[in-house]
2 protein chains.
Amino acid sequence: MIDETDRLRAEARAAVLKALAHATRIYIVDVIEREGPLCVCELTRRIGADTSTVSRHLAILKGIGILQDSKQGTTVYYSLACGCVADFLGELEKVLSALHQRELRRYQAAVTG
Amino acid sequence: MIDETDRLRAEARAAVLKALAHATRIYIVDVIEREGPLCVCELTRRIGADTSTVSRHLAILKGIGILQDSKQGTTVYYSLACGCVADFLGELEKVLSALHQRELRRYQAAVTG
DNA sequence: ATACTGTTTGGCTATATTGACAAATTTGCA
DNA sequence: TGCAAATTTGTCAATATAGCCAAACAGTAT
C-alpha cells in the first residue's frame with residue numbers, strides 16, 4: 001500500500017494544482033504576474049464574468065496562499081504572495097509545448113501513414 | 001475584455017493542471033517518475049482503490065499526453081511521455097515549500113501577537 | 001443620515017468529477 | 001475451445017465545482 005508520506009505529499013500538491021486548475025484562475029495569476037497588483041473590478045472587466053464569480057476565484061487563490069490582498073478605500077488589490085509562481089508558470093509552459101510537439105509528431109505520423 | 005490569445009493560453013494551461021490536480025494522479029506521475037514504468041495492477045496495489053478507478057485516472061493522464069502506455073501480454077505498462085514533467089514537479093515543490101514558509105511566518109506572527 | 005462604489009457572501013441551479021460494481025474486452029495458456 | 005488474469009468501459013449514485021442573482025457589507029463622500 002501507498003506510503004503515508006507519499007500520500008500526504010500527493011494531497012498537498014493536488015491542493016495547489018486544484019487551486020490553479022481553472023482557466024479564469026490561471027489567467028488571474030498570469031496577468032497579475034505580468035502587470036502587478038490589480039483590483040477585483042479591473043479583473044472583472046477583463047474576464048467578463050460576474051463580480052461575485054471573480055471574487056470567489058480570488059478567494060480560492062488567496063486561500064491556498066498564492067495571492068494576497070490589500071485594501072485601499074473600498075477597492076481591494078490582489079497581488080502575488082510569492083515570486084515562485086513565475087517559475088512554476090514557466091515550467092508549465094514547457095510541459096505544454098512538449099505535449100504540443102508530441103501532438104504534432106503524432107499527427108505527422110498519422111498523415112504519413 | 002480578455003484577449004483571445006490569453007484566453008486560449010489560460011485554457012490550455014488549465015487543461016494540463018486539471019489532469020494533474022488529483023492526489024491519486026499526481027501520485028501516479030510521481031511514482032512513475034521515480035521508479036520507471038509500472039503496470040495498472042502494481043499501481044492499483046499501491047493506491048488501494050478499485051482497478052477501474054486507477055485505470056480511469058491513467059486514461060486521463062494518457063489523454064492529456066503526460067503518460068504513454070505499452071502492452072506486454074495482458075499487462076499494460078504506463079510510463080512518462082516526456083521528461084519535462086520532472087522539472088514541473090520540482091517547481092511545484094518549490095511553490096509548496098514557499099507557501100509553507102509563509103504559513104509558518106503567519107503562524108509565528110499570530111503567536112507573537 | 002443617505003447615497004454610491006467596490007467587494008463579499010447566501011442561496012440556488014446546472015454541470016462536472018469521482019468512485020464503486022458489474023460487464024465486456026483482450027491476451028495467454030491448458 | 002474454454003478458463004484465467006489484466007485492463008477497460010457502462011452505469012449510476014454521491015459529492016464537488018462553477019456561475020449567476022440578490023442581498024449584505026465596508027468605505028467614502030454629499
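The structure presented is a predicted model; accordingly, all values stated were derived computationally and were not measured. Each chain gets a letter, A, B and so on, in the order its sequence line appears, and its residues count up from 1.
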Considering all heavy atoms of both residues, which atom of [X] and which atom of [Y] are nearest to each other, and what is their separation?
X     : Y     : value
A/A10 : B/Y27 : CB-CB, 3.9 Å
A/V54 : A/A49 : CG2-CB, 4.4 Å
A/G65 : A/A81 : O-CB, 3.2 Å

Expressed in angstrom and rounded to an integer, what is the separation of [X] atom [atom1] from [N] atom [atom2]?
X     : N      : atom1 : atom2 : value
B/D69 : D/dT9  : CG    : P     : 10 Å
B/L67 : D/dT8  : CG    : C1'   : 16 Å
B/D50 : C/dA22 : CG    : C1'   : 10 Å
A/L58 : D/dT17 : CG    : C1'   : 16 Å
B/I47 : D/dA6  : CD1   : P     : 16 Å
A/I64 : D/dT17 : CD1   : C1'   : 15 Å
A/L61 : D/dT17 : CG    : P     : 14 Å

Name the nucleic acid region contacted by [X], choosing base, sugar-phosphate or nothing; use a 4.0 angstrom heavy-atom cut-off, strictly under.
X     : result
A/A59 : nothing
A/T51 : base
B/T75 : sugar-phosphate

Is any side-chain N or O of B/R56 under 3.5 Å from a base N or O of D/dG10, one able to act as donor and the other as acceptor? yes
[Y] backbone acceptor or donor facing [X] side chain under 3.5 Å:
X     : Y     : result
A/R25 : A/K18 : yes
B/R13 : A/I26 : no
A/T44 : A/V40 : yes

[Y] side chain reached by [X] side chain, heavy atoms, under 4.5 Å:
X     : Y     : answer
A/D6  : B/R46 : no
B/H57 : B/T53 : yes
B/L38 : B/I28 : no

Residues touching DNA chain D, which here means a heavy atom under 4.0 Å, drawn from residues 29-38 of chain A: none
Report yes if a side-chain nitrogen or oxygen of [X] is closer than 4.0 Å to either non-bridging phosphate oxygen (OP1 or OP2) of [N]; otherwise report no.
X     : N      : result
A/S52 : C/dT8  : no
A/T53 : D/dG19 : no
B/H57 : C/dG19 : yes

Protein within reach of the bases, or only the backbone? For nucleotides 25-30 of chain C, mark each nucleotide 5' to 3' as B, S or -, using heavy atoms under 4.0 Å. -SBS--
Starting at the 5' end of nucleotides 12-17 of chain C, put B wherever the base has a protein heavy atom under 4.0 Å, S where only the sugar-phosphate does, and a dash everywhere else. -----S
Linking I/L/V/M/F/W/Y whenever any side-chain heavy atoms sit under 4.5 Å apart, do A/V16 and B/I64 land together?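 Same cluster.
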Between B/Y78 and A/A49, which residue's closest nucleotide on DNA chain D lies nearer the 5′ terminus? B/Y78
Taking A/D69 first and then A/K62, would you say they form a salt bridge - that is, a charged N and a carboxylate O separated by under 4.0 Å? yes
Between CG of A/L92 and OG of A/S97, what distance do you get to the nearest 0.5 Å? 10.0 Å
